[in-house]
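Taking it in order: structure first as structure tokens, then the write-up.
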Amino acid sequence: MPDSGSFSPGGLEGFARDLIRADLYPSDHHPFRLFACDRCGLGPYRVDVTEHEGSQRGDFHGVVAGTCRSCGTSETLFSCTREVQIVTGRSQVRCECGGEWFWVGLLERYEGEEGIPGFFDEGVVAGQCALCGQNRAIVFTD
């Protein structure tokens, strides 16, 4: 069973902030949400990504779903879909170490004073492997 004792929410958030270069946009709002199972309040998750037509690198369209290691509940962690949802790909996220369980978070950027306040700009769903602690980008949104 994966070791969850080394998980660092601050490390995952910092990694996500680096991915979308939050430091270059100090007047923007960058909320971070760490996902926890709706049923048991725990995690980590086995993560499955379903891509929909129109999805491309940096502009994900589809569904990121997770299955909780603690209780087995499956739920949608993030989705960005259109009216027509033609599936173009499915994959399970795996770490380079072979781990399949991840702590998952979402970081988004909303424009501040320099743009239209509250306008969504971009985001990233990131995960930290529960086995080795390595961080990775799961999907980018735009």
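Values in this document were obtained by computation on a predicted structure and should not be read as measured data. Residues: numbered from 1 along the sequence shown.
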Checklist entry - Closest approach of R109 and R21, non-hydrogen atoms and distance? => result NH1-O, 3.9 Å
Next on the checklist: Tell me every residue that passes ring-ring contact (aromatic ring centres under 6.0 Å, His included) with F78, counting only those two or more places apart in sequence or in another chain.
Outcome noted: none
Item to check | Side-chain heavy atoms of F60 within contact of V49, under 4.5 Å | outcome: yes
Item to check | Min side-chain heavy-atom separation L131-W101 under 4.5 Å | outcome: no
Item to check | V139 and V124, any side-chain heavy atoms less than 4.5 Å apart | outcome: no
Item to check | Full working for side chain to side chain contact (heavy atoms under 4.5 Å, CB included) between V63 and E51 | outcome: CA-CA 7 Å; V63 177; E51 290 192 56; over 6 Å; no
Checklist entry - Out of curiosity, does Y45 fall in the hydrophobic cluster containing L106 (side-chain heavy atoms, cut-off under 4.5 Å, transitive links)? => result yes
Checklist entry - Between S74 and T67, what is the shortest heavy-atom contact and its length? => result OG-OG1, 3.0 Å
Item to check | Under 3.5 Å donor-acceptor, N135 side chain and F15 backbone | outcome: no
Checklist entry - Just wondering, do F102 and C95 contact through their side chains at under 4.5 Å, heavy atoms? => result yes
Checklist entry - Between atom CZ of R33 and atom CD of E13, what is the distance when rounded to the nearest 0.5 Å? => result 14.0 Å
Checklist outcome for this item: Rounding to 0.5 Å, atoms CG (L107) and CG (L19) come to a distance of 9.0 Å
Item to check | Any C37 side-chain heavy atom under 4.5 Å of E75 side chain | outcome: yes
Checklist entry - Is there a side-chain contact between R17 and F32 (heavy atoms, below 4.5 Å)? => result no
Next on the checklist: Run the salt bridge (charged side-chain N to carboxylate O under 4.0 Å, His left out) test against E108 and tell me which residues pass, sequence neighbours left out.
Outcome noted: none
Checklist entry - Which ILVMFWY residues are connected to L24, directly or by a chain of links, through side-chain heavy atoms under 4.5 Å apart? => result Y25
Next on the checklist: For R46, give me all partners under salt bridge (charged side-chain N to carboxylate O under 4.0 Å, His left out), at least two apart in sequence or on another chain.
Outcome noted: none
Item to check | Qualifying salt bridge (Lys or Arg N to Asp or Glu O under 4.0 Å) pairs with a residue from residues 88-103, counting only residues at least two apart or across chains | outcome: R94-E100
Item to check | side chain to side chain contact (heavy atoms under 4.5 Å, CB included) assessment of V64 paired with V47 | outcome: CA-CA 7 Å; V64 177; V47 181; 3.7 Å; yes
Item to check | Considering all heavy atoms, the nearest L12-G105 contact | outcome: CD2-N, 3.8 Å
Checklist entry - So, for D23 and P26, which heavy atoms are closest and what is the spacing to 0.1 Å? => result O-CD, 3.8 Å
Checklist entry - Can you name the residues that form a side-chain hydrogen bond (donor to acceptor under 3.5 Å, both in side chains) with T50, not counting sequence neighbours? => result none
Checklist entry - Do L77 and V125 touch side chain to side chain, with heavy atoms closer than 4.5 Å? => result no
Checklist outcome for this item: Tightest non-hydrogen contact, residues E122 and I20, listed as OE2-O, 3.7 Å
Item to check | N/O donor-acceptor pair under 3.5 Å between S70 side chain and G43 backbone | outcome: yes
Item to check | Shortest non-hydrogen separation from C129 to G99 and the atoms involved | outcome: SG-CA, 4.2 Å
Item to check | Interatomic spacing from CG in D28 to OH in Y110 - rounded to 0.5 Å | outcome: 11.5 Å
